[in-house]
Number of protein chains: 2
Amino acid sequence: MNIKLSDNDFRRAEIFKCLSDPNRLQLIRLLYKNKKEMSCTELGEHLNLTLSTVSYHFKALRLAGLTNTIKDGRTKYVSLRYETFAKFLPGFLETLLID
Amino acid sequence: MNIKLSDNDFRRAEIFKCLSDPNRLQLIRLLYKNKKEMSCTELGEHLNLTLSTVSYHFKALRLAGLTNTIKDGRTKYVSLRYETFAKFLPGFLETLLID
DNA sequence: ACCATACTTTTATGAATATCAAACTATCAG
DNA sequence: CTGATAGTTTGATATTCATAAAAGTATGGT
């Protein structure tokens, strides 16, 4: 009677683990509201976190496939990866605007 | 520059924490596929978990508002609370059927 | 070459989590 | 009342997690 977990289920678990941290959820909301890339420093200033902690969170988001990162000089810009949200959490991002 | 978290954000964090565990995700899927209430024992047999562990997970799901529980004699039947999914994760349950 | 900026990684630490066994509560059947 | 069934709670344990300080990497400015 054992049910095996699919690759997508592990993917889902990783995604939800990312979203279960209030700080990461705020990062997602900021990125969604701003509709553009933001730097780590810029995002870190909105929460009361050191840069190393912000970097830790961004790594998690990136590995879960929730964000894209592009590098310009020494600055890294982070943006949402909408395909992932569309596939695993359709309609979720919109709910972040309600409150 | 500090952003305060709303009550709903704490609610979201709790919900996502629930869904970030692969076993709980399977419980949700089983409940969704069966379209009816199931008992703890019945659900526990599908995963390789002791009854106390299953009980622990169901408490988490109930506290997060993801499930309803009705008691009939000594058996407790658990079902999904669709309003919660509709409010915080519209469209999510359907994605569980794809794979 | 030197210093500052932007970010990452490592290390350490305290808090939270998942799990099971054992003890407990409640209900049913005889 | 006794024994069995369904589920909860408590206690112990091993693992994972979030955080920050410190050290490290890479790029830009002068």
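Because only heavy atoms are used, hydrogens play no part in the values below, and waters and symmetry mates are left out as well, while side chains stay in. Labels below follow one simple rule: chain letters A, B, ... track the order of the sequence lines, proteins then strands, and each chain is numbered from 1.
- Closest approach to the B/T50 side chain among D/dT9, D/dA20, C/dA21 is made by C/dA21 (side chain taken as heavy atoms from C-beta onward).
- Between A/K59 atom NZ and D/dC17 atom P there is a gap of 13 Å when expressed in whole angstrom units.
- Between A/T69 and A/E37 there is no side-chain heavy-atom pair separated by less than 4.5 Å.
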message: Within the 4.0 Å limit for protein heavy atoms, which parts of nucleotides 25-30 of chain C are touched? Write it as a string from 5' to 3', B for base, S for sugar-phosphate only, - for none.
response: -SBB--
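- Nucleotide D/dG7 holds its P atom 12 Å from the CE atom of B/M38, rounded to whole Å.
- Residue-to-nucleotide proximity on DNA chain D shows that, of A/S52 and B/Y77, the 5′-proximal contact is made by B/Y77.
- In terms of the salt bridge (Lys or Arg N to Asp or Glu O under 4.0 Å) criterion, residue partners of B/R12 (sequence neighbours excluded) are, by chain and number, A/D99, B/D9.
- Of the listed nucleotides (C/dA6, D/dA6, C/dT9), D/dA6 has the atom at the smallest distance from the side chain of B/T41.
- Note: CD1 (B/I70) to C1' (D/dG7) measures 15 Å, nearest angstrom.
- Between A/F92 and B/F16, the ring-plane angle classifies as perpendicular under the 30° and 60° cut-offs.
- The listed nucleotides are C/dC7, D/dT19, D/dG7; the one nearest the side chain of A/L49 is D/dT19.
- Formation of a donor-acceptor pair under 3.5 Å by the A/E42 side chain with backbone atoms of A/S39 is found in this model.
- Grouping the Ile, Leu, Val, Met, Phe, Trp and Tyr side chains by contacts below 4.5 angstrom, directly or via other members, places B/I70 apart from B/L80.
- Straight-line distance from the CG atom of A/L27 to the P atom of D/dT19: 10 Å, rounded to whole Å.
- In terms of heavy atoms, B/P90 sits closest to A/G91 at CG-O, 3.5 Å.
- When side chains are defined from C-beta on, B/L66 counts as touching B/C18, because their heavy atoms get closer than 4.5 Å.
- Atom CG of B/L51 and atom P of C/dA22 are 15 Å apart (whole Å).
- At a cut-off of 3.5 Å, with distance as the only test, no side-chain donor of A/S55 or A/S52 sits close to an acceptor on the other residue.
- Nearest heavy atom pair, residue B/K87 against residue A/T95, reads O-CG2, 3.7 Å.
- B/F58 has its CZ atom 13 Å from the P atom of C/dT19, to the nearest Å.
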Taking N or O atoms only and anything under 3.5 Å, show me the protein contacts with nucleotides 15-18 of chain C, one pair per line.
residue: C/dT17; atom: OP1; partner: B/K17; partner atom: NZ; Å: 3.3
residue: C/dA18; atom: OP1; partner: B/R24; partner atom: NH2; Å: 2.6
residue: C/dA18; atom: OP2; partner: B/Y56; partner atom: OH; Å: 2.5

